[in-house]
Every structure is written in C-alpha cells, then in structure tokens.
Amino acid sequence: MEKTEKRELLSLTPKELEELLLSLGEPKYRAGQIFPQLHKGLSPGEMTNIGKVTRAKLDAVAFYHLPRVKRKLVSALDGTIKYLFELTDGNCVESVLMHYEHGTTICISTQVGCNMGCKFCASTIGGKVRNLTSGELLGQVIAAGKDSGESIGGVVMMGIGEPLDNFDAVLRFLDLVNRPEGVNIGYRHISLSTCGLVDKIDRLAAQKLPITLSISLHAADDETRSAIMPINKKYSIATLLDACKRYFAATGRRISFEYTLISGKNDSRESAEKLALLLNRSLRTRSETMPIHVNLIPVNEVKESGFQRSGAKAVKAFAAVLEKNGIRATTRRTLGADINASCGQLRKETAATEAALHE
Ligand code: SAH
C-alpha cells in the first residue's frame, strides 16, 4: 500500500472530519462530538467520550498538534501577552493577545518568515521559510485561548508573514475560525493586513466575506513606497487603490490603511498633505464615498533597518492634517511596548540566541 501523509485534524471542516470518520468505519455522529473538542484544544486522547478503538483508528491516519508555548512575555504596562509558539517541525512564530475595551483580540502569524522584503520589517530579514497550514493558523487562536484562559473575540492577521501569499490556507482558516461549533469568531471581527498583492485582493473580494481589509500603504507616492516596499514595483499605488475600490464594491466593508511613520522618510507635513490628497482623490470622488480610516504607527525600530521612529509632535501634526482633510486617523496605541510586541522581533531574537548557544 502507498504511504500517505497523515491528515491534520485542525485543518478539517466538519464535513471532511465526518468523511474521514466514515472511511474508518465510524458513525457519522462522532464528527459532531469530536470537532468542537478539537477546537477547544483537546486531542482525541484527551476526549473522555471517545473510545480507545476510535482513537487508535484516528491516530493511524491523522494527527493533532497545537502550537507549543516556547516563550511567553506579559506586559507589565497593559497585560498584552506575546507568545512564541513552536510548530511541529521546530519552526517558531509569534502571536500577540491584546486587550481592548470591547474584548480580547489575537494577532496571528501566517508564515514562518516572509518574502515581501519591506525595509522596516523584522519578519522578512531571513526570507520566507514556509507557509503555515490552516490548522496552524487556527492552532494559534486555540492555544493562546487555552493558555490564557481568555475568550478571544477577534483576530487580526498582522503577525509574521504576508497572509495573501498563503492564500488557500488563509481562506480555509477563515472558514474554520468562523464555525459556530468551533471557535465561532464573526467575520466582522477579523482583519487581514496585506502589503498589497493586487491579484489576491481581487480573489479575496470574490469570496465576499465581510472581513476588514487593512492595506499597508506607508507612503503616498510611488517613489517613496517602492524604496521601502519592493511589492510597489509590481503593483503601483494607483493599481492598489483601484483594487481597494473593487474590494469595497464587492464587500461593502470599509478599508483601513496602515501608515508607519518613519522619521525623515514619510512623516513630514507635505507627506501628510500628499496622503490626504491621494486618498480623497482616488477613493472619495463625488461618485464614490468610500469610508476609509488611516492607522498611524510610529515605526518600531528594528536594528537592521536603521529607521527611526517619528517624534510625538510629528505624529500629532500628521494626524491633524489628515483630520483637517476629512480623513479619520488614529494613532495606534502602542500595546506591550515593554515586551517588544511588534511582530518578528521575538522569533528573530530567539533564533539568534539559540544560534549563539550552539556555536
Ligand atoms: N504582510 C502583512 C501583514 C504583516 S505586518 C502586511 O504587510 O500588511 C503588519 C503591519 O505591521 C504592516 O502594516 C506592516 O507594514 C507593519 N510593520 C512591519 N514592521 C514594522 C515596524 N518595524 N514598525 C511598525 N510597523 C511595522
């Protein structure tokens, strides 16, 4: 008989689990017993209502693995929790639990490393190692919920990796995390952040899921954007904003723009005026009134990039110019400032420390 790879239980839909159990000679209703428990963080071995025989049959063809907490940092300032999770093959990713007035949201990683090459970002320094599976995407939500004992009400895909460069797994994850029998997080409480893979934005729009799309814009002209984000050489700002219009037309969901403020690069008053003009002219003409929102993020300084964070005054002035031009802008609250909670940094640090230990 040909050797086939074991299936990952956390990647299966209820229907697929049912088919798998039927193929093992198990009754269909078992899927209804097993699926919710898997999504609560229990392996088949830990389920008291599943017999030994069923478990052995499942173990022969499938596996269950939750990301393992390798490191955990809790912010003394605001309770933000940062996890370094280890996956089955020893690779690590980061997830962050953030507490807001309206509830707890998790920021998850979508790839081990990243190939997008943004100049300010720590996650891309070693390139992409591999995509995460949908079970590993979901596993971060389940494992963080289990470890912290908190009920997680929202997900943002803003951790390590480019979610749209792992399209199929992300789409399957969106389906799984939304299941009422499982984690049950509503699409309206899910955001996906992208550096701007236009072809994939269109594929996502075609799904018509009411999730929030966040665009990492970071500059208002092609020259500045291409210098810090290589993807801009493939898809210009105009091309990207056109895709945003199509996304809004398909989903009716407001688009959020991320703008990282880098001292002396993109944080001047002129840059702010340029950004306001760009967004208003492209997205809010008389015939279109797309609701937009700009999230300003003072850059987290990454040693390798040499970029510096804009001062508080510059950030305030930048936001004021946007508001004056009718664009809603918020400055991201820096959560977990004391635990280096921005993505990519913990994984990189841990890898460097381990490498040093092995030398
Ligand atoms: N690849 C996706 C999601 C991951 S990054 C994307 O590009 O959107 C999540 C957000 O953090 C993005 O807006 C990204 O540009 C931003 N970011 C990355 N490194 C940063 C840093 N050093 N300081 C501030 N924001 C950063």
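The figures here come from the full heavy-atom set of this structure, side chains too, leaving out hydrogens, waters and symmetry mates. Remember, it's a predicted structure, so these values are computed and weren't measured experimentally. One-based numbering, in listed order, for ligands and for the atoms of each.
The distance from ligand 1 to the heavy atoms of Cys195 drops below 4.0 Å at these ligand atoms: 6 (C), 7 (O), 8 (O). Near Gly161, meaning under 4.0 Å from one of its heavy atoms, ligand 1 places the atoms 1 (N), 2 (C), 3 (C), 4 (C). For ligand 1, the atoms lying closer than 4.0 Å to a non-hydrogen atom of Cys121 are 18 (C), 19 (N). Near Val302, with a cut-off below 4.0 Å to any heavy atom, the atoms of ligand 1 are 22 (N). Taking a cut-off of under 4.0 Å to the non-hydrogen atoms of Thr260, the atoms of ligand 1 that pass are 24 (C), 25 (N). Remark: ligand 1 atoms within the under-4.0 Å shell around heavy atoms of His218 are 13 (O), 14 (C), 15 (O).
A side-chain donor-acceptor contact under 3.5 Å links Ser95 and Gln140.
Side chain of Asp222 to main chain of Ile237: a donor-acceptor pair is present (N/O by atom type, distance under 3.5 Å, no hydrogens or angles).
Ring pair Tyr259/Phe318 is tilted by interplanar angle, where 30° to 60° counts as tilted.
The residue among Ser256, Ser216, Ser305 with a heavy atom at the shortest distance from atom 13 (O) of ligand 1 is Ser216. By heavy-atom distance, the residue among Met157, Met158, Gln111 lying nearest atom 5 (S) of ligand 1 is Met158.
In summary, Glu46 and Arg55 do not engage in a salt bridge, as defined by a charged side-chain N under 4.0 Å from a carboxylate O.
Contact annotation: the side chain of Tyr187 never approaches that of Thr212 to less than 4.5 Å [non-hydrogen atoms, C-beta and beyond]. Within the 4.5 Å cutoff, no side-chain heavy atoms of Leu9 are placed close to those of Phe63. Side-chain atoms of Thr110 and Ile160, non-hydrogen and from C-beta on, never get closer than 4.5 Å to each other.
Considering both main-chain and side-chain atoms, Gly159 never comes within under 3.5 Å of ligand 1 through any nitrogen or oxygen pair.
The only option from Val93, Val170, Asp165 that meets the side-chain contact (heavy atoms from CB on, under 4.5 Å) definition with Gln111 turns out to be Asp165.
Heavy atoms of Asn300 found under 4.0 angstrom from ligand 1 belong to the backbone as well as the side chain. Contacts with ligand 1 closer than 4.0 Å are made by backbone heavy atoms (N, CA, C, O) of Thr194 only, the side chain lying farther away. The parts of Val299 lying near ligand 1 are both backbone and side chain, judged by heavy-atom distances below 4.0 Å. For Glu258, every heavy-atom contact with ligand 1 shorter than 4.0 Å involves the side chain, none the backbone.
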- Item | Residues Leu217, Leu279; criterion side chain to side chain contact (heavy atoms under 4.5 Å, CB included); working and verdict | CA-CA 11 Å; Leu217 193 59; Leu279 295 177; 4.3 Å; yes

